[in-house]
Amino acid sequence: MQPENRKSTEFCFAWQGARASLNLKPDFVAMEAAVTAIRVALPVPLRQHFDYLLPPELEVSIGCRVRVPFGKRELVGIVWQLAVKPDVSEQQLKPVLAVIDQTPVLPALLRQLLSFAADYYHHPLGEVLTAALPALLREGRPLADYLPRAYRLTDSGKAVHLQSFSRSAKQAELWQALTTQALDEATVKSHYSGSALKQLMAKELVESFQTEIAPYHYRGLAEPALQLTADQALAVTAVNQAQGSFRPFLLEGVTGSGKTEVYLQLIPSLLELGQQILVLLPEIGLTPQTLERFSKRFRAPVLVWHSNLSDGERLNCWLQAASGSAAVVIGTRSALFLPFRKLGLIIIDEEHDLSLKQQDGFRYHARDLAIKRAALECCPILLGSATPSLESLYNCQQGRFTKLTLTARASGQAMPQLELVDLKQQVLQYGLAAQSIQQMHQQLKLGKQVMLFLNRRGFAPALSCQDCGWLTECQRCSAFTTYHKHSRQLVCHHCGATRAVPRQCGGCGSTRLAPVGQGTEQLEEHLSVLFPEVPVTRLDRDSTRRKGAFASLLAEIQQPGPRLILGTQMLAKGHHFPFVTLVVIVDVDGALYSADFRAPEQLGQLLTQVAGRAGRGHDKGKVLLQTQHPEHALLQDIMLNGYAAFARSALLERQQTLLPPCQYMALFRAEAHQSELCQQWLQQVASYCQQQPQVQQLGPLLSPLERRAGKYRWQLHLYAAQRPLLHQLLSQVLAEVSQWPLSRKIKWQLDVDALDLN
DNA sequence: AGGTATAGTAAA
DNA sequence: TTACTATACCTG
Ligand SMILES: [Zn+2]
Ligand SMILES: [Zn+2]
C-alpha cells in the first residue's frame with residue numbers, strides 16, 4: 001500500500017482492531033521452527049481460524065482454494081496465510097487434501113478488504129467470505145470448468161477436404177467455417193448443428209480448447225451527452241481531477257437536478273483508459289432503469305449484479321469483472337466484493353438509503369466498505385443523494401469528504417411547493433381533508449396525476465371489537481395483525497404469520513368486529529368511491545408481489561391522463577412519475593414521536609424524497625402534508641428551510657446529544673424464548689464492558705418490538721467518542737463471550753454502526 | 001453451519 | 001425393549 005493511500009484509509013476508518021494486528025504480524029519464530037501450517041478461511045460461522053499442514057508434494061499460494069477435512073466433513077476454503085505458527089499442537093493438525101487453484105481466486109486487495117470487514121464488523125471471516133464469493137466457486141470445481149471454450153480444427157481436420165463431407169451438409173458447413181478461424185462456444189451453438197459438432201469431434205477432426213476472457217474494448221459514446229449545467233460541470237471536473245487517487249465526494253442534488261448525468265459523464269475518460277466503474281444501488285428494483293441509461297450511453301459492456309441472478313449468471317459477472325471484460329457493473333450491496341481487474345471509480349446512488357446496510361448475518365454497510373475499497377484501489381468514490389445521510393454530511397464537515405452541490409433542477413423548473421394541512425380543524429373523509437380532496441379534483445380535472453403516500457400496507461392495522469375494544473394480535477409477537485381484505489387474512493407484518501379472519505371477538509365473543517385505522521388497500525377502495533371516473537394504481541409490496549407486476553404498474557403510470565397513484569415508501573425510491581403534479585402525504589404523524597434517534601432523519605429524507613416526485617415533468621408541483629401536529633419543529637423546519645437546513649440542525653442535535661455520527665456505536669442483540677436469559681446475558685456483557693469507562697452503555701433494554709416469532713428480544717447499546725476504544729473493547733468482550741455457557745442458550749449478535757434500532 | 005454423540009421420552 | 005426427537009458439543 002502506498003503511504004498516501006494508507007493515510008487516507010485511516011482517515012475514514014481510524015481504528016485498529018486487536019485481531020488485525022494479531023493476524024497480520026508475520027511470525028518469524030514460526031518460520032524457523034520445524035512446524036509451520038497454512039491458515040485457511042472456511043465457510044463456517046466460527047470466530048476462530050483453522051490451520052492445516054501442507055503435504056510436501058503440494059504447493060499453494062495465498063488466495064487459492066483448497067479442499068480440507070473439517071470434523072467429519074470436507075470443506076472448500078481459501079488459503080489466507082502461509083507459514084503460520086499454528087495455535088494448536090502439531091498432532092491436532094490435519095493435512096490439506098487437495099489444492100484446487102494454481103492462481104488465486106481472491107486477489108490480495110480483496111483479501112485485505114475482507115479481513116478488514118471481518119475485523120471491523122467483528123464477524124467470522126468465513127461468513128464474510130461467503131458473502132463475497134460466488135456459490136459456484138465454493139463448490140470446489142476448477143475454474144477452468146467455467147471458462148469459455150472455443151473450437152478449432154485438429155491437424156487431421158486441416159488435412160481433410162470438403163469432399164469428405166459430401167454426405168453431411170451440416171458438417172461441411174461447420175468444417176468450412178473452422179478452416180478460416182476458430183469459433184467460440186456461443187457462435188457454434190447458435191449458428192451450427194450440435195450433432196455435426198459432436199460427430200466432427202468424435203472423428204477427431206475438431207477439438208475444443210480453453211479461451212481467455214478478453215478485456216473490454218471501448219468504442220465511444222452511443223448517444224450524445226447532455227449539456228451540463230454549471231454545477232454539474234463543476235462536479236464532473238472535480239471528480240475527474242481525482243482520477244487515480246483515493247478521494248471521497250458527496251454529490252448533494254435535489255430530485256431532478258441531474259445526478260445521473262454527472263455519473264454518466266464521469267465514465268468516458270475512464271473507459272478510454274480501460275478502467276472499470278462500479279455503480280452501487282440500494283435496491284434491485286432500481287437496476288433496470290439504471291442499466292438502461294448506462295448501456296444506452298456507452299459502446300462498452302455494462303453488466304448487472306444482484307441477488308436475483310442465477311449462480312451461473314453470477315459467476316459469469318464475477319469472471320467478467322476479474323478479466324476486465326466488464327466495463328461498468330451496476331449492482332446492489334454485494335457487488336462491492338467483485339474482483340475488478342482495474343477499478344477506476346465507485347459511484348453509490350441514494351447513499352442515504354438504509355438498504356445499503358445488510359440487515360442480518362454479516363451486517364455490513366456497503367457505502368462504508370466501498371469507501372474502504374476505494375482507498376485500497378486508490379480511486380475516487382462518489383456518493384450521491386438528494387437527501388444525504390447525516391453520516392456523510394458529518395464527513396464533509398470534518399473535511400473527510402468533498403461536497404459537491406447541484407442547486408437547481410437541470411430542466412430549470414421550480415421545486416415543488418410544500419404546504420401543511422392542519423387536520424385538527426378538519427372533518428376528514430376517508431382520512432383525507434376537504435382541502436386535499438378539492439385540490440386533487442382540481443389536478444385530475446386538468447388531466448394530471450395525483451400521488452398519495454401512505455406508509456402502511458394492508459386494509460387496516462388491526463380489527464377491533466365494537467363492544468369491548470379487543471384488538472387482533474399476533475400469537476407469537478407483541479404486535480397487532482394487519483387486516484388484508486383481498487386475501488381475507490390477518491397478517492403479522494413482523495413474523496409473517498397469517499390466519500383466517502375471526503368471526504368473533506377473542507375477548508367477549510361479540511361478532512361486531514371492525515377495521516381500525518387505514519392502510520393502502522382501504523385507501524384504494526375509498527379513492528374509487530371519491531373519484532369513480534379516475535383509474536387508481538396502488539404500489540406496495542402486496543400489489544407488486546407477482547413477478548413482473550412492478551414493471552407493469554410502472555408502465556401504467558408512464559401513460560399520460562388523470563390517475564391516482566397511491567403507495568408506500570416504494571414511491572420514494574428513485575422512480576420517475578412524469579405526470580404527477582400533486583403529492584398528498586396522508587399520514588406520517590406516527591413517525592414524529594418515535595423513540596429512535598434516527599427517526600427524524602429518516603422522516604426528513606422520506607418526506608423530501610416523496611415530495612420530489614411532484615412536478616418532475618413540465619408542470620410545477622405541489623405537496624400537501626396532512627398532520628395533526630402542524631406546529632411540530634421537524635415539519636416546520638423541512639417546510640420552511642428544506643432538507644439541507646433541516647439536516648444541519650439535526651446534525652447539530654446529534655453533536656449535542658453525543659449520538660452517531662459524532663460518536664461511534666455498536667449494539668448487542670439477544671433473543672430467546674425466555675426473556676430473563678437475554679437480559680442476564682446482556683447484563684454480563686454490560687458488566688464486562690464496565691472495565692472501559694470511556695465506553696457509555698445504554699441498557700439492557702427490551703427492543704421496541706418486545707417479542708417476535710415467539711422470542712423475546714433485548715439490546716445493549718455502546719457508545720464511544722473514539723472508534724479504537726470501542727473496537728478494542730468489542731474484541732475483548734467477544735473473546736470472553738465465547739466462553740460463557742449462557743451464550744449457547746440464546747441467539748445473540750453484534751451490530752456495528754447499527755441503523756435499525758428495532 | 002452441520003454432523004454426531006447423547007439424553008430424554010413415547011410407543012410396542 | 002426400540003424408535004424417534006431435542007440438545008449439547010465439536011470442528012485445526
Ligand atoms: Zn407475528
Ligand atoms: Zn369483544
Side-chain angles (χ1 to χ4, degrees), chain A residues 19 22-25 27 29-31 33-56 58 60 62-100 114-115 117-118 121-140 307 311 334 358-364 476 669-674 676-678 680-681 709-711 734-750:
Chain A
R19 262 172 65 193
L22 266 182
N23 279 355
L24 299 175
K25 206 178 288 171
D27 200 320
V29 183
M31 307 263 219
V35 188
T36 67
I38 63 170
R39 184 151 292 171
V40 180
L42 294 170
V44 287
L46 300 173
R47 289 163 196 279
Q48 331 147 12
H49 25 240
F50 293 92
D51 301 333
Y52 289 87
L53 292 169
L54 188 66
L58 291 182
V60 73
I62 288 192
C64 293
R65 290 172 299 165
V66 286
R67 195 178 291 282
V68 294
F70 188 75
K72 305 242 151 126
R73 47 197 177 130
E74 270 180 28
L75 291 177
V76 173
I78 293 202
V79 178
W80 217 251
Q81 260 182 291
L82 298 170
V84 292
K85 179 175 178 279
D87 30 334
V88 292
S89 75
E90 190 183 348
Q91 297 83 281
Q92 292 175 70
L93 293 176
K94 291 181 183 177
V96 168
L97 297 172
V99 172
I100 299 167
L114 298 179
S115 287
Y121 290 102
H122 297 271
H123 201 77
L125 180 61
E127 286 212 313
V128 173
L129 200 66
T130 306
L133 211 62
L136 283 178
L137 290 185
R138 278 179 271 134
E139 282 176 10
S307 56
D311 285 351
S334 57
Q358 182 133 315
Q359 285 299 351
D360 53 357
F362 171 32
R363 296 174 166 253
Y364 66 101
R476 314 181 63 214
R669 283 175 232 270
E671 240 184 52
H673 287 103
Q674 291 149 279
E676 315 77 60
L677 290 182
C678 301
Q680 197 188 332
W681 185 84
K711 286 180 171 163
L734 286 174
E736 197 72 13
V737 155
S738 60
Q739 325 250 323
W740 299 343
L742 187 53
S743 300
R744 278 183 303 220
K745 295 208 171 71
I746 61 159
K747 258 183 100 170
W748 65 270
Q749 48 185 269
L750 171 60

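The structure presented is a predicted model; accordingly, all values stated were derived computationally and were not measured. Residue numbering restarts at 1 for every chain, and letters A, B, ... go by the order of the sequence lines.
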Can you measure [X] atom [atom1] to [N] atom [atom2] for me and round it to whole angstrom units?
X: A/Gln92; N: C/dC10; atom1: CD; atom2: P; result: 12 Å
X: A/Asp87; N: C/dT11; atom1: CG; atom2: C1'; result: 13 Å
X: A/Arg138; N: B/dA1; atom1: CZ; atom2: C1'; result: 12 Å
X: A/Leu75; N: C/dT11; atom1: CG; atom2: P; result: 14 Å
X: A/Phe50; N: C/dT11; atom1: CZ; atom2: P; result: 8 Å
X: A/Lys94; N: C/dT11; atom1: NZ; atom2: P; result: 8 Å
X: A/Lys747; N: B/dA1; atom1: NZ; atom2: C1'; result: 12 Å
X: A/Gln81; N: C/dG12; atom1: CD; atom2: P; result: 19 Å

So, do [X] and [Y] sit near enough that their side-chain heavy atoms are less than 4.5 Å apart?
X: A/Val60; Y: A/Val96; result: no
X: A/Phe50; Y: A/Val44; result: yes
X: A/Leu129; Y: A/Leu114; result: yes
X: A/Pro45; Y: A/Phe362; result: no
X: A/Val40; Y: A/Leu75; result: no

(request) Give one of base, sugar-phosphate or nothing for A/Leu46, where a contact means two heavy atoms less than 4.0 Å apart. (result) base
(message) At 4.0 Å (heavy atoms only), tell me whether A/Pro43 reaches a base, stays on the sugar-phosphate, or touches nothing.
(response) nothing
What N/O pairs connect the protein and nucleotides 5-8 of chain C at under 3.5 Å? Give each pair on its own line.
none

(request) Answer yes or no: are there more than 12 heavy-atom neighbours, outside A/Glu736 itself, under 6.0 Å from its atom CD? (result) yes
(request) Please indicate whether A/Arg138 has more than 12 foreign heavy atoms, meaning atoms of other residues, nucleotides or ligands, lying under 6.0 Å from its CZ. (result) yes
Please write out the pairs of protein N or O atoms and N or O atoms of nucleotides 2-5 of chain B separated by less than 3.5 Å, giving the distance to one decimal.
unit_1	atom_1	unit_2	atom_2	d
B/dG2	O4'	A/Arg73	NH1	3.2

(request) Verify, without hydrogens or angle tests, whether A/Tyr52 (side chain) and A/Pro69 (backbone) share a donor-acceptor contact under 3.5 angstrom. (result) yes
(message) By the definition side-chain contact (heavy atoms from CB on, under 4.5 Å), identify the one residue from A/Leu93, A/Val68, A/Leu54 that meets it with A/Ile38.
(response) A/Leu54
